[in-house]
Number of protein chains: 2
Amino acid sequence: MDSFDRKILGLLREDATRTYADMASHLHLSPPALHDRVKKLKAKGVIKRTTVELDPQALDRHFCAFVHVETEGYAKDILKEVAEADPAVEEMHGVAGSSSAILKVRTHDAAGLEELLRRLFETGAVRRTESFVVLRTYLERGISP
Amino acid sequence: MDSFDRKILGLLREDATRTYADMASHLHLSPPALHDRVKKLKAKGVIKRTTVELDPQALDRHFCAFVHVETEGYAKDILKEVAEADPAVEEMHGVAGSSSAILKVRTHDAAGLEELLRRLFETGAVRRTESFVVLRTYLERGISP
DNA sequence: GGTGAAAGAGTGTGGAC
DNA sequence: GTCCACACTCTTTCACC
């Protein structure tokens with residue numbers, strides 16, 4: 001993991017459809033040498049997978065919110081079940097602080113969030129929730145190498 | 001945007017290195033027909049870009065937190081400047097609720113978070129912050145079509 | 001949307017530093 | 001161990017039905 005590898009990761013994050021030949025010329029390497037490095041980065045798990053970034057608006061997910069969940073005792077497993085079953089839930093993190101977990105949610109509208117909250121409370125494990133509705137996303141980029 | 005397109009998006013999210021021929025056979029379409037659909041999905045902006053998912057651990061980003069920021073009046077632009085300049089900040093959302101903005105942060109360690117907080121307060125626009133340190137990530141998937 | 005063909009990319013092998 | 005040059009196979013992607 002040297003500066004070459006970091007540059008490769010940066011290029012791939014920007015656009016993974018880049019050809020190896022193109023990236024190789026940018027870094028003054030031969031295509032096979034670059035290919036070798038990418039293969040190793042994948043084998044080592046640094047690159048977990050190649051995927052596409054979708055536009056939430058185009059998929060009718062106009063509503064985004066962060067939901068803080070306070071549970072009755074330790075109930076992460078029950079929470080995870082509900083979160084995983086609902087495609088609206090993009091992330092779930094167990095956190096330290098006044099809340100037990102933070103959920104990142106994307107639904108069609110506010111009613112979709114209410115649906116999720118209902119399901120969360122129905123488990124009996126949730127004491128209270130606090131939802132922060134996203135008004136505008138200023139920045140949303142992945143990890144930068 | 002029919003059921004074919006949704007299936008294509010699902011397949012590409014899982015693994016964007018799939019060949020068109022492979023996906024076409026899964027959906028009982030010809031490679032060029034599938035290629036046409038993907039091209040249109042990209043042109044329409046449904047597919048924003050093709051990228052790679054990296055492992056935060058492998059890049060020494062062991063520490064993750066959500067930071068709630070309360071500003072002195074409307075100061076999103078100043079906030080955005082600081083957030084954008086810091087590669088540790090992955091997301092910044094303006095939200096409704098008791099906070100003004102939520103930041104998703106990934107650093108090497110807790111000291112990295114403190115650094116960011118210092119920079120935030122140095123702008124003079126921040127009244128208070130509340131940080132929720134991620135103990136464990138239970139779910140982290142993108143949008144599902 | 002399907003068919004066939006061209007241009008070009010991905011990906012092994014062998015050899016040199 | 002890492003990089004380069006060559007070559008072969010498969011994919012992408014075009015024009016036409």
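Note on naming: letters A, B, ... go to the chains in the order of the sequence lines (proteins, then strands), and numbering restarts at 1 for each one.
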Starting from C1' on dT11(C), measure out to CG on L34(A) and report it in whole angstrom. 13 Å
Closest to the side chain of P32(B), out of dG12(C), dC3(D), dT13(D), is dT13(D)
Stepwise side chain to side chain contact (heavy atoms under 4.5 Å, CB included) check, L113(B) with S131(B): CA-CA 9 Å; L113(B) 172 60; S131(B) 300; 4.1 Å; yes
H28(A) has an atom NE2; how far is it from atom C1' of dC4(D), in whole Å? 16 Å
Phosphate-side-chain proximity, H35(B) and dT12(D), N/O vs OP1/OP2 below 4.0 Å: no
S30(B) side-chain proximity, nearest of dG2(C), dG12(C), dG1(C): dG2(C)
Rounded to whole Å, CG of D36(B) lies from P of dA15(D) at a distance of 12 Å
Evaluate R37(B) against D2(B) for side chain to side chain contact (heavy atoms under 4.5 Å, CB included), listing each step before the verdict. CA-CA 11 Å; R37(B) 281 173 176 270; D2(B) 55 5; 3.1 Å; yes
Between T137(A) (side chain only) and L139(A) (backbone N and O only), is there a donor and an acceptor less than 3.5 Å apart? no
Check every atom of dG1(C), dG4(C), dC3(D) against the side chain of R37(B) and return the nucleotide holding the closest atom. dG1(C)
What does the 5'-to-3' dot-bracket notation of DNA chain C look like when only Watson-Crick and G-U wobble pairs under 3.5 Å count, and pairs to other strands show as |? |||||.|||||||||||
Touch class at under 4.0 angstrom, heavy-atom based, for P31(A) against every strand present: nothing
Check whether R106(A) reaches the backbone of G142(B) with its side chain - one donor and one acceptor, N or O, closer than 3.5 Å. no
Judged by atom type as modelled, is there a donor-acceptor pair below 3.5 Å linking the side chain of S144(A) to the main-chain atoms of P87(B)? yes
Check: D109(A) main-chain N/O paired with T107(A) side-chain donor or acceptor under 3.5 Å: yes
Output field: ring centroids F66(B)/H93(A) closer than 6.0 Å: yes
With the threshold set at under 4.0 Å for non-hydrogen atoms, list the residues of residues 4-24 of chain A touching DNA chain C in residue-number order. T19(A), Y20(A)
Tell me whether the OP1 or OP2 atom of dT12(D) has a side-chain N or O from K39(B) closer than 4.0 Å. no
Can a donor-acceptor pair be found, under 3.5 Å and without considering hydrogens, that links the side chain of T129(A) to the backbone of V69(A)? no
Exam field: side chain T19(A) to backbone D22(A), donor-acceptor pair closer than 3.5 Å: yes
